[in-house]
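Comments concern the structure below.
Order of appearance sets the numbers: ligands from 1, and atoms from 1 within every ligand. Keep in mind the model is a prediction, meaning the values are calculated, not measured.
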Amino acid sequence: MGKKGKVVLAYSGGLDTSVSVLWLSEQGYDVVTMTADIGQRVIDLQAAKNKALHSGAVKAYVFDLKKTFVEKYVWPALKANGMYQGTYPLTSALSRPLIAKMLVDIAHREGASAVAHGCTGKGQDQVRIEVCATALNPMLEVLAPVRDWHFSREAEVEYAISHGIPAQATKSAPYSIDENLWGRAIECGMLEDPWNEPPEDAYQLTVNPLEAPERPDFVELTFERGIPVALNGERMDGAGLILKLNDLAGSHGVGRIDMIEDRLVGFKSREVYECPAAITLLNAHRALETITLDKRVLTTKRELEVRFAELTYEGYWFSPLKDCIDAFIDETQKYVSGTVKVRLFKGQAVVRGMKADKAIYKHDLATYSEGDAFDHAAAAGFIKIWGLPIRTWTSTFPRNNEEDLSIEA
Ligand code: ARG
């Protein structure tokens, strides 16, 4: 038993977290690792387990958490139309509370006194993991070896190799990537200059919209209580549906996002994302709400959606306000069932039709043709009362604002 007790480390299998295992062990910890598949395509759980043990972990947990991630994190975000600054579908931000939850759960099971992650000191993933872990168990210590050890890249590689951990001394990758089912984040390198258009090699889930097929595809998405349950009439589980839609929408170049994002650590950052399924589903879901939700519910929900996205982005996933907003959103979603038809074409996912058994869009009220059920006669009295405050005001404070009539007719 290490003299400092056990620590549970979020382990990706990459160089930073492998060196973290070594480093924490050298500090006197017994390191237990936690690796999760949340739909990042380049994960081999068995290989990660072997590498963790090879790096000195006393135990290595691996999980396929795609289902949990979708049901407990992605779907709540979809129901809330979660988009930070109206643009970013919270891809990475959604995965950190799940990682924190897993670390804390394993710490409880293993009797560990600390949890750890491999984030640097500049990003916001560190904030999210640590704040979420604290929210779940304030007694646990959180360690951030990569933030603390002050290795240069070269020193880190040398340290790894000298301890028998395979590491390539090649020049570092052109971007920093984070990926899960809900999309892919691409940062750093030449993207840091906002004048530079992201090069094609930044993208992996989407084709260039300019080179996308000349013919559109239409996809029908069926929602039950705010959650997508079928694609083109075929019922499928959440992860399967997202994967399929990532392929389909990605093949039309849908979901590329290029933005300047206000980071919670205070600076602006150029962020590139590709989130084909997320963008398609968010467009469809938002549209379905317009025919199923009451006007005032919709207005209030749109306001709370902004708060939901900020809380998620800022690491407040497990927080009292977020719980309250979730309760409101779940109440609204009882009514959001129906099917939306989306056209995927040249980088766009555009809603082209929608229907719902319990829609409150009523054709007989809306129509100007045969079958009109709207009470035209009632309009006169309605307008008289509706306009009463204005009539009262203007008769007390007349407006002298005649238009300029000097122009000849
Ligand atoms: N800016 C995004 C966010 O904060 C992406 C983070 C990506 N993480 C990474 N380690 N590359 O949610």
Inset, instruction - Examine ligand 1 and decide if any of its atoms is less than 4.0 Å from a heavy atom belonging to Gly123. - result: no
Legend entry - Cationic N near anionic O, under 4.0 Å, Glu220 to Lys355: no
Legend entry - Asp44/Lys51 ion pair, N-O < 4.0 Å: no
Inset, instruction - Measure centre to centre between the rings of Tyr73 and Trp317, then say whether the value is under 6.0 Å. - result: yes
Legend entry - Backbone of Gly28 reached by a side-chain donor or acceptor of Lys4 within 3.5 Å: no
Legend entry - atom 12 (O) of ligand 1: the protein heavy-atom neighbour that sits closest, reported with distance to 0.1 Å: Tyr88 OH, 2.5 Å
Legend entry - Nearest-neighbour protein heavy atom for atom 4 (O) of ligand 1, which is reported as residue plus atom name and distance: Gln124 NE2, 2.6 Å
Legend entry - Worked check of salt bridge (Lys or Arg N to Asp or Glu O under 4.0 Å) between Asp105 and Arg109: CA-CA 6 Å; Asp105 286 354; Arg109 183 192 295 191; over 6 Å; no
Legend entry - Nitrogen or oxygen of Arg96 less than 3.5 angstrom from that of ligand 1: no
Legend entry - Contact atoms of ligand 1, heavy-atom distance to Ala93 under 4.0 Å: 12 (O)
Legend entry - Part of Tyr84 within contact of ligand 1 (heavy atoms, under 4.0 Å): neither
Legend entry - Residues Lys244, Asp247: salt bridge by 4.0 Å N-O rule: no
Legend entry - Under 3.5 Å: N/O of Arg263 near N/O of ligand 1: no
Inset, instruction - Under 4.0 Å, heavy atoms only, figure out whether ligand 1 is touched by the backbone of Arg184, its side chain, both or neither. - result: neither
Inset, instruction - Tell me which protein heavy atom sits closest to atom 1 (N) of ligand 1, plus the residue, atom name and distance to 0.1 Å. - result: Glu271 OE1, 2.7 Å
Inset, instruction - May I ask you to say whether Glu305 pairs ionically with Arg286, meaning some side-chain N is under 4.0 Å from a carboxylate O? - result: no
Legend entry - Pairing of Lys66 and Asp64 as salt bridge, 4.0 angstrom limit: yes
Inset, instruction - Would you mind running through ligand 1 and noting each atom that sits below 4.0 Å from a heavy atom of Asp178? - result: 7 (C), 8 (N), 9 (C), 11 (N)
Inset, instruction - Have a look at ligand 1 and work out which part of Asp125, if any, has a heavy atom under 4.0 Å from it: side chain, backbone, both or neither. - result: side chain
Inset, instruction - Output the list of atoms in ligand 1 that are nearer than 4.0 Å to some heavy atom of Arg128, sorted by atom number. - result: 3 (C), 4 (O), 12 (O)
Inset, instruction - Find all atoms of ligand 1 within a distance of less than 4.0 Å from any non-hydrogen atom belonging to Ala185, and give their numbers and elements. - result: 5 (C), 7 (C)
Inset, instruction - Could you tell me whether a side-chain N or O of Glu274 sits under 3.5 Å from a main-chain N or O of Thr206, the two making a donor and an acceptor? - result: yes
Inset, instruction - Write out the residue and atom name of the closest protein heavy atom to atom 2 (C) of ligand 1, then the distance separating them to 0.1 Å. - result: Tyr273 OH, 3.1 Å
